[in-house]
Asks: 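Provided herewith is a single structure, encoded as structure tokens, for subsequent inquiry.
Model, not experiment: these values are computed from the prediction.
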Amino acid sequence: MTTFFDNLKRSFADVPVDNANDNGIHTTEFLEAAESLLTLFDLLGSAAFSPVKSDLAGNIKKVRDRQLAAPGESETLQTLVLNELKTKKHVATEGLVWLVRGLDFTAQSLRHNIDNTSKELSDSFREAYGKTLKPHHSFIIKPIFSAAMSATPYRKDFYAKLGSDDADVKAKLEREVAALEERVAILKAFQDRKEAKW
């Protein structure tokens with residue numbers, strides 16, 4: 001029995017973190033994992049999630065464009081940011097800030113739902129949105145995202161789409177979310193540092 005997670009091009013659990021070098025997160029693998037995770041929003045099944053998905057995709061593109069423009073300076077996300085900021089530009093740096101916020105929102109939504117087995121997805125997504133993206137969104141964007149939160153499928157339907165073996169799905173979801181949380185935490189700590197700001 002395969003699950004949704006078995007078909008991902010790249011799992012966050014397979015994104016290398018170079019603990020010896022500032023917890024450097026490898027750019028190529030991270031962007032592949034982020035793109036793979038975008039397919040999760042397709043499972044949510046509502047057109048209301050297309051702005052969320054396109055926002056994430058647009059920020060992935062900003063980071064990848066910088067990587068392609070300066071591959072030697074973009075081995076890890078951290079070196080990509082520091083080298084871009086030296087050029088007095090911050091397109092990819094800002095894209096990564098928003099990408100991390102979007103991934104943090106996704107991770108917190110799923111974590112809330114894993115830990116609260118009686119909660120519907122809409123509750124988990126709403127709670128995570130309030131903690132992650134909402135404080136940074138304008139009054140024009142907030143209703144678009146709020147509509148998406150209300151359009152989530154029922155918990156049982158969503159988990160059924162992830163795979164038919166409940167225990168296998170839960171184990172793989174937990175592994176993916178834990179790996180995502182770890183990489184998001186590393187990047188948030190890095191982005192809080194003075195040299196990562198513009």
Side-chain angles (χ1 to χ4, degrees), residues 8-19 21-41 44 49 51-70 73-85 89-114 124-138 141-142 144-145 148-149 173 175-198:
L8 293 178
K9 181 179 175 188
R10 166 112 27 209
S11 162
F12 274 100
D14 301 323
V15 174
V17 177
D18 187 349
N19 301 112
N21 290 302
D22 197 24
N23 286 330
I25 295 179
H26 289 256
T27 305
T28 300
E29 290 89 339
F30 182 85
L31 294 178
E32 283 176 0
E35 281 174 333
S36 295
L37 191 67
L38 288 184
T39 59
L40 185 77
F41 290 102
L44 294 170
F49 270 98
V52 181
K53 189 178 169 186
S54 69
D55 189 54
L56 286 165
N59 289 313
I60 291 168
K61 183 182 184 318
K62 286 176 187 172
V63 178
R64 180 166 284 127
D65 286 349
R66 171 65 192 174
Q67 181 193 21
L68 294 172
E73 299 179 348
S74 307
E75 183 80 15
T76 68
L77 292 168
Q78 291 92 327
T79 55
L80 179 149
V81 164
L82 297 175
N83 286 311
E84 185 192 43
L85 290 174
K89 291 194 175 115
H90 53 79
V91 175
T93 301
E94 197 172 348
L96 184 62
V97 166
W98 281 101
L99 178 56
V100 168
R101 285 173 182 161
L103 293 172
D104 190 23
F105 156 71
T106 308
Q108 287 196 35
S109 300
L110 295 171
R111 168 60 61 206
H112 184 268
N113 209 255
I114 291 168
S124 298
F125 274 80
R126 248 187 240 107
E127 172 143 334
Y129 179 63
K131 289 181 184 169
T132 55
L133 292 169
K134 192 175 181 181
H136 307 287
H137 277 167
S138 70
I141 303 288
K142 282 177 187 166
I144 296 168
F145 274 71
M149 304 310 115
L173 177 62
R175 175 180 182 258
E176 189 67 11
V177 171
L180 177 56
E181 287 170 328
E182 183 191 348
R183 282 145 189 82
V184 163
I186 289 168
L187 289 169
K188 282 171 70 175
F190 167 71
Q191 289 171 339
D192 282 341
R193 286 172 15 197
K194 203 171 101 195
E195 71 265 32
K197 298 191 185 309
W198 65 91

Asks: What's the spacing between Ile114 CD1 and Ser109 OG if we round to 0.5 Å?
Replies: 10.5 Å
Asks: Determine, stepwise, if the pair Asn59 / Asp55 fulfils side-chain contact (heavy atoms from CB on, under 4.5 Å).
Replies: CA-CA 6 Å; Asn59 289 313; Asp55 189 54; 4.0 Å; yes
Asks: Which heavy atom of Phe125 sits nearest to which heavy atom of Phe41, and what is that distance?
Replies: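 Answer, listing the atom of Phe125 first, then Phe41: CE2-CE2, 4.5 Å.
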Asks: Would Lys188 and Asp192 count as a salt bridge (charged side-chain N to carboxylate O under 4.0 Å, His left out) here? Give the steps.
Replies: CA-CA 6 Å; Lys188 282 171 70 175; Asp192 282 341; over 6 Å; no
Asks: So that I can tick it off, tell me whether Asp14 and Arg175 are bridged by a salt bridge, with the cut-off set at under 4.0 angstrom between side-chain N and carboxylate O.
Replies: yes
Asks: Just verifying a value: how many Å separate Leu187 CG and Leu77 CG, rounded to the nearest 0.5 Å?
Replies: 5.5 Å
Asks: When you measure from the side chain of Thr27 to the backbone N and O of Glu75, does any donor-acceptor pair fall under 3.5 Å?
Replies: yes
Asks: Under a 4.5 Å cut-off applied to non-hydrogen side-chain atoms, are Phe49 and Leu40 in contact?
Replies: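 Phe49 vs Leu40: side chains apart.
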Asks: From the options Leu37, Val177, Val184, select the one residue that forms a side chain to side chain contact (heavy atoms under 4.5 Å, CB included) with Thr106.
Replies: Leu37
Asks: So for atom NZ, which belongs to Lys53, do other residues, nucleotides or ligands contribute more than 12 heavy atoms lying within a distance under 6.0 Å?
Replies: yes
Asks: Quick one: does Leu80's side chain get under 4.5 Å of Val63's, heavy atoms only?
Replies: yes
Asks: Please find the pair of heavy atoms, one from Ala196 and one from Phe190, that lie closest to each other, and give the distance.
Replies: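 Smallest heavy-atom distance, with atoms named: CB-O, 3.3 Å.
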Asks: Compare every heavy atom of Thr93 with every heavy atom of Glu84, then report the nearest pair and how far apart it is.
Replies: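 Heavy-atom minimum between the residues: OE1-OG1, 2.6 Å.
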Asks: Can the ring centroids of Phe105 and Phe145 be said to lie less than 6.0 angstrom from one another?
Replies: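 Ring centres of Phe145 and Phe105 not closer than 6.0 Å.
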Asks: Under the salt bridge (charged side-chain N to carboxylate O under 4.0 Å, His left out) rule, what do Arg64 and Glu35 come out as? Steps first, then yes or no, please.
Replies: CA-CA 11 Å; Arg64 180 166 284 127; Glu35 281 174 333; 2.6 Å; yes
Asks: For side-chain contact (heavy atoms from CB on, under 4.5 Å), just list the numbers for His26 and Val17, CA-CA rounded to whole Å, side-chain angles, deciding distance to a tenth of an Å, and then say yes or no.
Replies: CA-CA 7 Å; His26 289 256; Val17 177; over 6 Å; no
Asks: Is the NZ atom of Lys89 crowded by more than 12 outside heavy atoms at less than 6.0 Å?
Replies: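 No, the 6.0 Å shell around NZ holds no more than 12 heavy atoms from other groups.
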Asks: Looking only at heavy atoms, what is the nearest atom pair of Arg10 and Ser36, with distance?
Replies: N-OG, 3.1 Å
Asks: Check whether any side-chain heavy atom of Leu82 lies under 4.5 Å from a side-chain heavy atom of Glu195, and answer yes or no.
Replies: yes
Asks: Quick check: does any side chain N or O of Asn83 sit under 3.5 Å from a backbone N or O of Thr79, one acting as donor and the other as acceptor?
Replies: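 Yes: the side chain of Asn83 pairs with the backbone of Thr79.
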Asks: Shortest non-hydrogen contact from Phe12 to Ala33?
Replies: CE1-O, 3.6 Å
Asks: By the definition side chain to side chain contact (heavy atoms under 4.5 Å, CB included), identify the one residue from Asp104, Leu103, Val15 that meets it with Leu180.
Replies: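 The residue from Asp104, Leu103, Val15 that satisfies side chain to side chain contact (heavy atoms under 4.5 Å, CB included) with Leu180 turns out to be Leu103.
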Asks: Is any side-chain heavy atom of Val81 closer than 4.5 Å to a side-chain heavy atom of Gln191?
Replies: no
Asks: Leu99 and Ile60: side-chain contact (heavy atoms from CB on, under 4.5 Å), yes or no, with the steps?
Replies: CA-CA 7 Å; Leu99 178 56; Ile60 291 168; 3.8 Å; yes
Asks: Give the minimum heavy-atom separation between Val52 and Ala148, together with the two atoms involved.
Replies: CG2-CB, 4.2 Å
Asks: Calculate, to the nearest 0.5 Å, the distance between atoms CD and OG belonging to Gln67 and Ser74 respectively.
Replies: 6.0 Å
Asks: Does Glu94 form a salt bridge (charged side-chain N to carboxylate O under 4.0 Å, His left out) with Lys62? I'd like the steps, not just the answer.
Replies: CA-CA 9 Å; Glu94 197 172 348; Lys62 286 176 187 172; over 6 Å; no
Asks: Begin from the C-alpha positions of Leu85 and His90 and carry the test side-chain contact (heavy atoms from CB on, under 4.5 Å) through to its verdict.
Replies: CA-CA 6 Å; Leu85 290 174; His90 53 79; 3.8 Å; yes
Asks: Decide side chain to side chain donor-acceptor pair (under 3.5 Å) for Ser11 and Glu176; before the verdict, give the C-alpha distance in whole Å, the side-chain angles of both, and the deciding distance to 0.1 Å.
Replies: CA-CA 7 Å; Ser11 162; Glu176 189 67 11; 2.4 Å; yes
